[in-house]
Chemist: 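A single structure is presented below for examination.
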Amino acid sequence: MAEQFDLDDPPELEARYNIAPGQSVVTIRTDSAGAPRRIERFRWGLLPPWAEDAGIGLRMINARSESVALKPAFRSAFRRRRCLVPADGFYEWGGAVGSLKQPYLFTRPDRGLFAFAGLFDVWHVGAEDEVRSSTIVTTEANRVLAGIHDRMPVILHPRDYANWLDPANDDIDALQSLLVPSPEAWLERQTVGLRVNSTRNDDPECIAPAPPQPRQGELL
DNA sequence: CCAGACGTTGTT
DNA sequence: GTCTGG
DNA sequence: CCAGACGTTGTT
DNA sequence: GTCTGG
């Protein structure tokens, strides 16, 4: 689960529209400030070395910025194994629509890429095999999320990528100070269809605007 | 000291 | 591994 | 995160 | 309610 790519010969990464916890995400990290950055796929859901089974990771898909420096599950990864998780959108779920939840898509206004603050870890299975996994740091939501959800993933400013990635950076306070809600201008919100709620749907239709809701009294 | 947890989200 | 609770 | 299953004996 | 699968 640590497929690695050559940055001098960048791969065509398949587009994903609906990534479930436990599936792989693309990550960027580096061994040192001077070393080349690596693109790798890590399993989403942090598996600390002491995990007894891979199921632990499914409960570690996010790490709270407020406590990430102290929690046993994340502390060492926060100190020494930080990464970026590039994406051009994320979903959050708002109130119920009948028995289902309404998903919303958040993107940059220009639909460009951003980078989540991520952590990774290495879980050893026996002497040979290992699983590399990652988690995404969350923080208080900004106003673009208002009324939908009170948490959001941390989106790093590009000028902070190098500091975040440098494994030798041990300025915990400075690192922690990066884990804040993004400026509102970085994101816009769009209502998308309920098909996002099933991770079996992973295609461009997931990010299409939601079909208009027929209202009561309206003819079909 | 040993044993047991180690997490987030959202809900009641 | 490391922290918390007892 | 959300959706969907969650169970055994014994057989239409 | 809680666990599993995606």
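Keep in mind that this is a model prediction, so the values were computed, not measured. Here is the naming used below: chain letters follow the sequence lines, and residue numbers restart at 1 for every chain. Values below: all heavy atoms of this structure, side chains included; hydrogens, waters and symmetry mates excluded.
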Chemist: Counting side-chain heavy atoms from CB outward, which of B:dT8, E:dG6, D:dC1 is closest to A:T199?
Modeler: E:dG6
Chemist: Among B:dG7, E:dG6, B:dT9, which nucleotide sits nearest the side chain of A:P21?
Modeler: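 From the listed options, E:dG6 comes nearest.
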Chemist: Base, sugar-phosphate, or nothing: which does A:A63 touch, judged by heavy atoms less than 4.0 Å apart?
Modeler: sugar-phosphate
Chemist: Can you tell me which nucleotide in E:dG6, B:dG7, D:dA3 comes closest to the side chain of A:K71?
Modeler: B:dG7
Chemist: What integer number of Å spans the C1' atoms of C:dG5 and B:dT8?
Modeler: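 C:dG5 and B:dT8 have their C1' atoms separated by 22 Å.
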Chemist: Do A:H157 and A:W164 have ring centroids that are under 6.0 Å from one another?
Modeler: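 No.
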Chemist: Does the ring of A:Y104 carry A:R189 above it, NZ/CZ under 6.0 angstrom from centre and within 45° of its axis?
Modeler: yes
Chemist: Starting from P on B:dG7, measure out to CZ on A:R151 and report it in whole angstrom.
Modeler: 14 Å
Chemist: For B:dT9, does either OP1 or OP2 sit under 4.0 Å from a side-chain N or O belonging to A:T138?
Modeler: yes
Chemist: Nearest 0.5 Å, what's the CZ-CG distance between A:R108 and A:L113?
Modeler: 7.5 Å
Chemist: For E:dT2 versus B:dC6, give the span between their P atoms, rounded off to a whole number of Å.
Modeler: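 These two P atoms come out 15 Å apart once rounded.
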Chemist: For A:I19 and D:dC2, give me the distance from atom CD1 to atom P, rounded to whole Å.
Modeler: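 Rounded to the whole Å, the gap is 16 Å.
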Chemist: Measure from the side chain of A:P72, starting at C-beta and using heavy atoms only, and say which of B:dG7, B:dT9, D:dC2 lies closest.
Modeler: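 In terms of side-chain proximity for A:P72, the closest of B:dG7, B:dT9, D:dC2 is B:dG7.
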Chemist: Less than 5.5 Å between centroids and less than 30° between ring planes, does A:W50 satisfy that with B:dC6?
Modeler: yes
Chemist: Over 60° means perpendicular and under 30° means parallel, so tell me whether A:F116 and A:F90 are parallel, tilted or perpendicular.
Modeler: perpendicular
Chemist: In whole angstrom, what separates A:R200's CZ from E:dG5's C1'?
Modeler: 9 Å
